[in-house]
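Some notes on the structure that comes next.
All heavy atoms count here, side chains included; hydrogens, waters and symmetry mates do not.
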Amino acid sequence: MRRGHIAVVAAAGALTMLAAVPAHAAEYSSALKIKGVQYDAPGRDSNSCATGNTDEEYLTIKNYSRTATVNLKGYVVRDSTSSNKFTFTKNHTLQPGDYVKLRGGRGTDSDANNVVYRNNCNFIWNNDKDTIYLYKPSGSHADTHAYTKRANDPDGNGYITYHG
C-alpha cells in the first residue's frame with residue numbers, strides 16, 4: 001500500500017471513530033446526577049416569600065448507583081453566573097435509586113418527602129436558557145447540563161428531563 005493510501009485510510013478511520021461518539025453533555029464519574037429541572041415555575045413569576053411561586057421551581061437530583069448511599073452534605077448546585085448557588089449544608093442521604101427535589105422558597109426539609117428548600121425566594125434558573133452545575137463536596141464535577149427553552153422544552157411546560 002502506498003503512503004498516500006495509508007494516510008487516507010488512517011484519516012477515514014479517525015473520522016469513523018469520531019462519528020461513533022455521540023454528541024451530548026459531558027459525563028462525570030458520579031452516582032448523583034441531575035434527573036430534571038422545572039426551570040420555569042408554572043404561572044407568573046413572583047419571588048415574594050409570602051405569595052410567590054419560587055417553590056414551584058425545582059431541580060431533581062437522583063442517586064443512580066445500585067449500591068452506594070450518598071450524603072448530599074457539601075454538594076453544590078449553581079447556575080451559569082455562579083452568583084446563584086446552593087450548598088447542601090445538612091445531612092440528607094439518598095439511598096440507591098432515591099432522589100431529592102431542591103426547591104426554591106422556604107419550607108421544611110424532609111428525607112421522607114424527598115425535598116430540600118433553598119430558603120431563598122429568588123429564582124435560580126433563567127426561563128429562556130441557563131447551565132446547571134452539580135459539584136461534589138471535593139469541588140469536582142458531578143453533572144452539568146445546559147438548556148434553552150426552544151431547543152430542550154418542545155412542549156413548553158417548563159420542565160426538562162436529563163437522566164431518565
Is the shortest side-chain heavy-atom distance between [X] and [Y] below 4.5 Å?
X	Y	result
V115	R103	yes
N122	T54	no
I132	T144	no
V100	T60	no
V70	T93	no

### Query
Under the 4.5 Å side-chain heavy-atom rule for ILVMFWY, direct or indirect, which residues accompany Y135?
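Members besides Y135, by chain and number: V76, Y133.
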### Task
Kindly state each residue pair satisfying salt bridge (charged side-chain N to carboxylate O under 4.0 Å, His left out) with at least one member in residues 106-122, sequence neighbours excluded.
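The answer is E57-R118.
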#### Entry: Pairwise salt bridge (charged side-chain N to carboxylate O under 4.0 Å, His left out) hits with a residue in residues 73-94, at least two apart
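Residue pairs with at least one partner in residues 73-94: there are none.
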### disulfide (SG to SG under 2.5 Å) partners of residues 101-137, not counting sequence neighbours, each pair once
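Every disulfide (SG to SG under 2.5 Å) pair that includes a residue of residues 101-137, provided the two are not neighbours, is C49-C121.
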Let me confirm one number: the [atom1]-[atom2] distance from [X] to [Y], rounded to the nearest 0.5 Å.
X	Y	atom1	atom2	result
Y162	K35	OH	NZ	12.5 Å
D98	T69	CG	OG1	9.0 Å
D130	N84	CG	CG	8.0 Å
N152	K129	CG	NZ	12.5 Å

### Query
Is there a donor-acceptor contact under 3.5 Å from the side chain of S30 to the main chain of L32?
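Looks like yes, one N/O pair under 3.5 Å.
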### Task
Can you tell me which residue pairs pass the ring pair (Phe, Tyr, Trp, His ring centres under 6.0 Å) test with a partner in residues 41-95, sequence neighbours excluded?
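Every ring pair (Phe, Tyr, Trp, His ring centres under 6.0 Å) pair that includes a residue of residues 41-95, provided the two are not neighbours, is Y64-H163, F86-F88.
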### Task
Check step by step if side chain to side chain contact (heavy atoms under 4.5 Å, CB included) holds for L59 and V77.
CA-CA 9 Å; L59 181 70; V77 172; 3.5 Å; yes
#### Entry: Residues that D153 engages under side chain to side chain donor-acceptor pair (under 3.5 Å), provided they are two or more places apart
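Testing D153 for side chain to side chain donor-acceptor pair (under 3.5 Å), a comparison that skips the adjacent residues, returns Y39.
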### Task
Please name all residues satisfying side chain to side chain donor-acceptor pair (under 3.5 Å) with T108, sequence neighbours left out, ordered by chain then number.
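For T108, no residue satisfies side chain to side chain donor-acceptor pair (under 3.5 Å) once neighbours in sequence are set aside.
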### Those residues that, when tested against Y117, pass ring-ring contact (aromatic ring centres under 6.0 Å, His included) (two or more places apart)
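Checked Y117 against ring-ring contact (aromatic ring centres under 6.0 Å, His included); zero matches.
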### Query
Between D143 and H141, is a side chain to side chain donor-acceptor pair (under 3.5 Å) present by the stated rule, with each step listed?
CA-CA 6 Å; D143 202 11; H141 276 93; over 6 Å; no
### Task
Return the set of residues passing salt bridge (charged side-chain N to carboxylate O under 4.0 Å, His left out) with K149 (not counting sequence neighbours), or none when no residue passes.
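With sequence neighbours excluded, K149 shows a salt bridge (charged side-chain N to carboxylate O under 4.0 Å, His left out) to D40, given in chain and number order.
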Once side chain to side chain contact (heavy atoms under 4.5 Å, CB included) is applied, do any residues pair with [X], and if so which ones, sequence neighbours excluded?
X	result
N53	A41, D45, S46, E56, F123
S65	A31, N63, T67, A68
S140	K136, S138

### Query
Please walk me through it: do T148 and D128 pass side chain to side chain contact (heavy atoms under 4.5 Å, CB included)?
CA-CA 6 Å; T148 64; D128 59 344; over 6 Å; no
### Query
Can L134 and I61 be said to form a side chain to side chain contact (heavy atoms under 4.5 Å, CB included), step by step?
CA-CA 9 Å; L134 176 63; I61 300 169; 4.1 Å; yes
